[in-house]
Peer 1: 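Take a look at the following structure, please.
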Amino acid sequence: NFKQMDLGITLSFGLQNFSHFCSEVICLDPFVAVLPYDHPLAGRESICISDLQNERFAFANLEMSLGAFYHSLDCIFPKGFRPKILSQDSSKEEITTKIAAGFGVGIVTSLAIQNDPLLAYVPLTDVSPAQLIAMWPPENKNPLLPPFIETLREESRRIPSLLPDA
């Protein structure tokens, strides 16, 4: 039951069903392409989404991440660009293994970057960042909530690339 939670921190995908919650954008999280380390685009400083138009994409399983999937189709890919879907896998490990093996590419936010020598993460310059949201039920009277939210604000200011309106 969501009303029992004190606070949730999530990306802004699919939150239209939670409009009755209080929320605040903590930071913006840029999207990056996930490529095999030896991919021709892997050495670039940044790329555009159109640079990936001939690639096959590995996505999370729709049942596990429906909001993220539709957000990616509607917000990451321009009108008329529908990605070729390589697979929809149930775990991050399955997805990254396929990408590292050269079967396709992926897109994640910068907070999902992992240290893997077989993968390259290249910023996407023409895709709006995702919002990292703190959300809580309006009836939450936990006295620790306001100072915790303030701490989140302060810490997000320490990461320049993730600041709202940066």
Peer 1: Can you measure from CD (Glu139) to CZ (Phe21) and round to the nearest 0.5 angstrom?
Peer 2: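 Reported value, rounded in 0.5 Å steps: 7.5 Å.
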
Peer 1: Give the cluster check for Leu145 versus Ile9: same hydrophobic cluster or not, with ILVMFWY residues linked at side-chain heavy-atom distances below 4.5 Å.
Peer 2: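 Leu145 clusters together with Ile9.
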
Peer 1: So Gln131 and Asp29, side-chain contact (heavy atoms from CB on, under 4.5 Å) or not? Walk me through it.
Peer 2: CA-CA 6 Å; Gln131 295 177 330; Asp29 188 9; over 6 Å; no

Peer 1: Does a side-chain heavy-atom distance below 4.5 Å link Leu7 with Asn140?
Peer 2: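 Heavy-atom side-chain distance check fails, nothing below 4.5 Å.
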
Peer 1: Using side-chain heavy atoms (C-beta onward) and a distance below 4.5 Å, is Tyr121 in contact with Val108?
Peer 2: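 Contact flag for Tyr121/Val108 side chains = yes.
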
Peer 1: Is there side-chain contact between Pro30 and Thr109, with heavy atoms separated by less than 4.5 Å?
Peer 2: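 A side-chain contact under 4.5 Å is absent here.
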
Peer 1: Where do Asp6 and Phe148 land on the side-chain contact (heavy atoms from CB on, under 4.5 Å) test, with the steps shown first?
Peer 2: CA-CA 11 Å; Asp6 284 321; Phe148 184 76; over 6 Å; no

Peer 1: Under 4.5 Å between side-chain heavy atoms, hopping through other hydrophobics if needed: is there a path connecting Ile113 to Leu118?
Peer 2: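 Shared cluster, no.
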
Peer 1: Does Val34 share a hydrophobic cluster with Leu86, counting links as ILVMFWY side-chain heavy atoms below 4.5 Å and allowing steps through other members?
Peer 2: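 Val34 does not cluster with Leu86.
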
Peer 1: Nearest heavy-atom pair of Ile99 and Leu119: which atoms, and what distance?
Peer 2: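 Smallest interatomic distance, heavy atoms only, reads CG2-CD2, 3.7 Å.
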
Peer 1: Any non-hydrogen side-chain atom of Met135 less than 4.5 Å from a side-chain atom of Met5?
Peer 2: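 A side-chain contact exists here, since the closest heavy-atom pair is under 4.5 Å.
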
Peer 1: Apply side-chain contact (heavy atoms from CB on, under 4.5 Å) to Leu132 and Leu28, showing your working.
Peer 2: CA-CA 6 Å; Leu132 188 67; Leu28 301 178; over 6 Å; no

Peer 1: Going through the distances and angles, do Asn54 and Lys84 end up as a side-chain contact (heavy atoms from CB on, under 4.5 Å)?
Peer 2: CA-CA 8 Å; Asn54 295 318; Lys84 299 174 189 102; 4.0 Å; yes

Peer 1: Is it possible for you to say whether Ile85 and Leu35 belong to one hydrophobic cluster, with membership spreading through side-chain heavy-atom contacts below 4.5 Å?
Peer 2: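 Ile85 clusters together with Leu35.
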
Peer 1: Does the side chain of Ile47 come within less than 4.5 Å of Leu52's, by heavy atoms?
Peer 2: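 A side-chain contact under 4.5 Å exists here.
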
Peer 1: So if you build clusters from Ile, Leu, Val, Met, Phe, Trp, Tyr with side-chain heavy-atom gaps below 4.5 Å, do Val122 and Tyr37 land together?
Peer 2: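 Different clusters.
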
Peer 1: How long is the straight-line distance from CD1 of Ile95 back to NZ of Lys92, given to the nearest 0.5 Å?
Peer 2: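 Output value for this atom pair is 9.5 Å.
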
Peer 1: For Gln114, does the CD atom have more than 12 heavy-atom neighbours from other residues, nucleotides or ligands under 6.0 Å away?
Peer 2: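 Enclosed: over 12 neighbouring heavy atoms sit under 6.0 Å from CD of Gln114.
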
Peer 1: Would you indicate whether the side-chain heavy atoms of Ile133 and Leu11 approach each other to under 4.5 Å?
Peer 2: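 When only atoms from C-beta onward are counted, Ile133 and Leu11 do not touch, as no gap falls below 4.5 Å.
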
Peer 1: Are the side chains of Asp51 and Arg44 in contact, using a 4.5 Å heavy-atom criterion?
Peer 2: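 Counting from C-beta outward, Arg44 and Asp51 do come under 4.5 Å.
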
Peer 1: Looking at CD1 of Ile49 and CD of Glu55, how far apart are the two atoms once the value is rounded to the nearest 0.5 Å?
Peer 2: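 Here the interatomic distance stands at 10.5 Å.
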
Peer 1: For the residue pair Cys48 and Asp126, establish whether any side-chain heavy-atom pair is separated by less than 4.5 Å.
Peer 2: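 Heavy-atom side-chain distance check passes, below 4.5 Å.
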
Peer 1: Going from CD on Glu45 to OG1 on Thr125, what distance comes out if it is rounded to the nearest 0.5 angstrom?
Peer 2: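 Spacing of CD (Glu45) from OG1 (Thr125) equals 10.5 Å.
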
